[in-house]
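Letters go in sequence order (proteins before strands), and every chain restarts at 1. Bear in mind the structure is a predicted one, so any value in this text is a computation, not a measurement.
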Amino acid sequence: EDQVTQSPEALRLQEGESSSLNCSYTVSGLRGLFWYRQDPGKGPEFLFTLYSAGEEKEKERLKATLTKKESFLHITAPKPEDSATYLCAVRVASSGSARQLTFGSGTQLTVLP
Amino acid sequence: DTGVSQDPRHKITKRGQNVTFRCDPISEHNRLYWYRQTLGQGPEFLTYFQNEAQLEKSRLLSDRFSAERPKGSFSTLEIQRTEQGDSAMYLCASSLGTRLNTEAFFGQGTRLTVV
């Protein structure tokens with residue numbers, strides 16, 4: 001069964017303190033790894049898609065990387081407005097699930113001023 | 001607003017009542033998904049439409065749940081005889097069907113509380 005595990009569950013950082021969030025996955029036939037940001041009471045907001053090991057994507061203070069077993073979301077010099085839950089999801093090529101996303105439980109990030 | 005729209009945003013219902021939620025996807029997107037999210041968890045897949053055809057259903061989708069997407073435009077998710085365990089955020093997402101690897105964009109969700 002496809003599994004996505006995110007760590008840590010919660011992370012508190014001081015403003016400007018860089019860190020990384022981890023998403024490890026056990027799937028067969030990865031067809032894409034997705035990062036989303038979710039604010040309380042709202043739907044997930046798309047951030048990045050990564051397709052193959054070695055790929056990197058950047059957006060403002062965020063950088064996502066992908067290996068064959070895990071992905072990292074690096075946050076450089078975070079600000080309080082980066083506080084949110086960050087969700088990782090995979091899409092796999094196995095029969096019957098070629099379209100759905102399988103999500104991890106998320107990392108709740110709090111950036112203190 | 002060109003994003004995914006969901007209505008209502010919040011719904012409180014008594015156990016045993018039926019509820020219906022609506023989702024309007026991004027206009028050019030032919031793929032539409034329903035997910036359910038409980039507190040502290042990531043979204044869980046419920047069902048998927050390509051145009052008007054319902055192509056996948058999760059085992060989470062019991063026979064009390066039904067979804068439709070008439071004419072391949074908006075979609076509705078109905079829950080019959082609601083139970084307290086149905087309390088969750090119901091999320092709709094849509095994507096373009098141009099290739100397999102394409103990101104899904106989510107709506108703001110409908111928060112259901114069954115009392």
Visitor: Where on B:A104 is there a heavy atom nearer than 4.5 Å to chain A: the side chain, the backbone, both, or neither?
Guide: both

Visitor: Determine the option with the most heavy-atom pairs under 4.5 angstrom with chain A, choosing from B:Q41, B:R9, B:R111, B:Q6.
Guide: B:Q41

Visitor: Testing the 3.5 Å rule here: is there a donor-acceptor pair between the side chains of A:T102 and A:Y25?
Guide: no

Visitor: Does any heavy atom of chain B fall under 4.5 Å from the side chain of A:Y36, the backbone, both, or neither of them?
Guide: side chain

Visitor: Counting N and O atoms only, with roles assigned by atom type, does the side chain of B:T76 sit under 3.5 Å from a partner on the main chain of B:F21, one being a donor and the other an acceptor?
Guide: no

Visitor: Would you call the rings of B:F106 and A:F103 parallel, tilted or perpendicular, taking 30° and 60° as the class edges?
Guide: perpendicular

Visitor: Check each atom of A:L87 against the heavy atoms of chain B and say whether the ones under 4.5 Å are side chain, backbone, both or neither.
Guide: side chain

Visitor: Start with the C-alpha gap between A:H74 and A:S20, add the side-chain angles, then the distance that decides, and say whether side chain to side chain donor-acceptor pair (under 3.5 Å) holds.
Guide: CA-CA 4 Å; A:H74 308 276; A:S20 295; 2.7 Å; yes

Visitor: A:Q6 versus chain B, heavy atoms under 4.5 Å apart: side chain, backbone, both or neither?
Guide: neither

Visitor: If Ile, Leu, Val, Met, Phe, Trp and Tyr residues are connected whenever their side-chain heavy atoms lie under 4.5 Å apart, and connections chain through other members, are A:L66 and A:L47 in the same group?
Guide: yes

Visitor: May I ask you to name which of A:G43, A:G41, A:P44 has the most heavy-atom pairs under 4.5 Å with chain B?
Guide: A:P44

